[in-house]
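The structure appears right after this line, and notes come after that.
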Protein chains: 2
Amino acid sequence: MPNEDKPPPEPLASAPGFLLSWNGQRIARKFAEAIEPLGLRPPHFGVLTLIDASPGSAKRELVERSMIDASTMVAVIDDLEERGLAERRPDPADRRRRAVYLTPQGRRALERGRKAAIATAKDVFGPLDERELATFVRLMRKIAGAD
Amino acid sequence: MPNEDKPPPEPLASAPGFLLSWNGQRIARKFAEAIEPLGLRPPHFGVLTLIDASPGSAKRELVERSMIDASTMVAVIDDLEERGLAERRPDPADRRRRAVYLTPQGRRALERGRKAAIATAKDVFGPLDERELATFVRLMRKIAGAD
DNA sequence: TATTGTTATACTCTATAACTATA
DNA sequence: TATAGTTATAGAGTATAACAATA
């Protein structure tokens, strides 16, 4: 994408919605670049995080907690399994269900991804002081309906 | 996208970068839906805005002020021209150059798009009071490097 | 030789719908 | 009949690289 690091032009840069979308795209792209050397793309990292938070989740549960649809989720879990980062285990109580777990390698990859996320955030949110960053998070959670 | 309006799951919802990306995607999608009845997609609206701000811009100048690459920009201007919203005029001083202008129809479409943007922002930023919204814009401009 | 604009093509990502197995 | 999972396919959106015209 051209001009990724250039400030957005007026009058768009005055519109709150445009600013939100622009900065969102920017950090998403930067994060994607940061984890590319790990062989991961953002959906991989997101799903690793969700599995870690609820080990043994079924695919359907992961879909419910994400913005990833069912068929894409299959592909993401396939990728993770191929790379030895996660594994599906059959559920004896319901043989349709396949519980998903992280491998030790998966946990290491997640840790590396987290470091990349922190580094990216440090870069993008660098212009804000600590207090402003806290305010930012509070407002973003409010907008997201997380509180 | 599934779960578009559901809050993001923890622990992702505590990460500033993830929040920014999530909310950015959410408002971009909502805005795209809002202008779809106008026959416009977000890049169309963005370029209409840029042309309006600098009538007679060349394609290359529009590329410089946006995150849209050259070949996509051609397609966007083609679309706008087909729909009678913009027109290319040859530049007598430099016959390689084609200056782009809005038509009266284009100005009307831009106005409708602006109303959609305002309505979308009202929806997404609804949880914030006026003072919080002002703070949000200030912080976002800082992050974007717009100040 | 550099620059503007364009076209043709390929690629990435995601979504839709049909299918299998189990409940 | 409903649900979990999967696969095959198609689509939108974007980027890459080659090309034509003019400076």
Side-chain angles (χ1 to χ4, degrees), chain A residues 1-4 21-22 24-26 28-29 31-33 35-36 39-47 51 54 56-82 86-101, chain B residues 1-4 21-22 24-26 28-29 31-33 35-36 39-47 50-51 56-82 86-101:
Chain A
M1 188 181 304
N3 304 135
E4 192 185 330
S21 172
W22 175 283
Q25 269 198 254
R26 201 162 71 95
R29 156 98 32 147
F31 177 62
E33 284 165 4
I35 61 175
E36 201 187 347
L40 299 176
R41 285 177 312 100
H44 295 131
F45 176 75
V47 172
I51 300 170
S54 306
S57 290
K59 184 210 68 175
R60 194 186 56 72
E61 295 162 344
L62 296 172
V63 167
E64 269 171 13
R65 287 190 221 115
S66 66
M67 292 201 295
I68 299 172
D69 70 296
S71 71
T72 302
M73 184 62 79
V74 170
V76 170
I77 300 173
D78 283 348
D79 285 349
L80 295 177
E81 209 166 25
E82 270 170 33
E87 56 181 1
R88 294 170 167 105
R89 298 186 205 152
D91 179 341
D94 181 345
R95 281 161 51 222
R96 292 173 305 183
R97 200 165 177 284
R98 309 185 69 185
V100 184
Y101 296 88
Chain B
M1 189 180 304
N3 305 133
E4 190 187 331
S21 172
W22 175 282
Q25 269 198 254
R26 202 163 70 95
R29 157 98 34 147
F31 178 61
E33 284 165 4
I35 61 174
E36 201 188 345
L40 299 177
R41 287 178 311 98
H44 296 128
F45 176 75
V47 173
L50 292 177
I51 300 170
S57 290
K59 185 211 69 176
R60 194 186 57 72
E61 295 162 343
L62 296 172
V63 166
E64 269 171 13
R65 288 189 220 115
S66 66
M67 292 201 295
I68 299 172
D69 70 295
S71 72
T72 301
M73 184 63 79
V74 169
V76 170
I77 300 172
D78 282 350
D79 286 349
L80 294 177
E81 208 164 26
E82 270 171 31
E87 55 180 3
R88 294 172 167 102
R89 297 187 206 152
D91 180 341
D94 180 347
R95 281 159 54 219
R96 292 174 304 183
R97 201 165 176 283
R98 307 186 68 186
V100 183
Y101 295 89

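Chain A is the first sequence line, chain B the second, and so forth, proteins listed ahead of strands; every chain is numbered from 1. All figures in this text were calculated on a predicted structure; none of them were measured in a lab.
Annotation for B:Glu36: atom CD does not count as buried by contact number, only 12 or fewer foreign heavy atoms lying within 6.0 Å.
Between the CE atom of B:Met73 and the P atom of D:dT16 there is a distance of 16 Å, given to the nearest Å. Atom pair B:Glu33:CD and C:dA15:P shows a separation of 12 Å (rounding to whole Å applied). A:Asp79 has its CG atom 13 Å from the P atom of D:dT6, to the nearest Å. Rounding to whole angstrom units, CD of residue A:Glu36 and P of C:dT12 are separated by 11 Å. Distance, B:Asn3 CG to C:dA15 C1': 15 Å, rounded to whole Å.
Among all heavy-atom pairs drawn from A:Trp22 and A:Asn3, the shortest one is CZ2-O, 4.1 Å.
Direction change of the helix axis from one end of the helix from C:dT1-D:dA23 to C:dA23-D:dT1 to the other is 10°, with five pairs defining each end axis (rounded to 10°).
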Go through the steps for B:Leu62 and B:Ile77 under the test side chain to side chain contact (heavy atoms under 4.5 Å, CB included), then give the verdict. CA-CA 10 Å; B:Leu62 296 172; B:Ile77 300 172; 4.0 Å; yes
Tabulate protein N/O versus nucleotide N/O from nucleotides 5-9 of chain C, keeping only pairs under 3.5 Å, one per line.
residue, atom, partner, partner atom, Å
C:dG5, OP1, B:Arg98, N, 3.3
C:dG5, OP2, B:Arg60, N, 2.9
C:dT6, OP1, B:Arg88, NE, 3.2
C:dT6, OP1, B:Arg98, NH1, 2.4
C:dT6, OP2, B:Arg88, NH2, 3.3

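Atom CD of B:Glu4 sits about 5.0 Å away from atom CZ of B:Arg29, to the nearest 0.5 Å. Interatomic distance, CZ of A:Arg60 versus CZ of A:Arg65, reported as 9.5 Å (0.5 Å rounding). Separating the NE2 atom in A:His44 from the CG atom in A:Asp79 is a distance of 3.5 Å, to the nearest 0.5 Å. From A:Ser57, atom OG reaches atom CD of A:Glu64 across 10.0 Å, with rounding to the nearest 0.5 Å.
The side chain of B:Arg95 places no N or O atom within less than 4.0 Å of a non-bridging phosphate oxygen (OP1 or OP2) of D:dA21.
Both A:Asp91 and A:Arg41 lie near DNA chain C, and the one whose nearest nucleotide falls closer to the 5' end is A:Arg41. In this structure, A:Asp69 and A:Asp94 both approach DNA chain C, and ranking their closest nucleotides by distance from the 5' end singles out A:Asp69.
Shown here are the side chain to side chain donor-acceptor pair (under 3.5 Å) partners of B:Arg41, two or more places apart in sequence or in another chain: there are none.
With hydrogens and angles disregarded, a donor-acceptor distance shorter than 3.5 Å links the side chain of A:Ser66 to the backbone of A:Val63.
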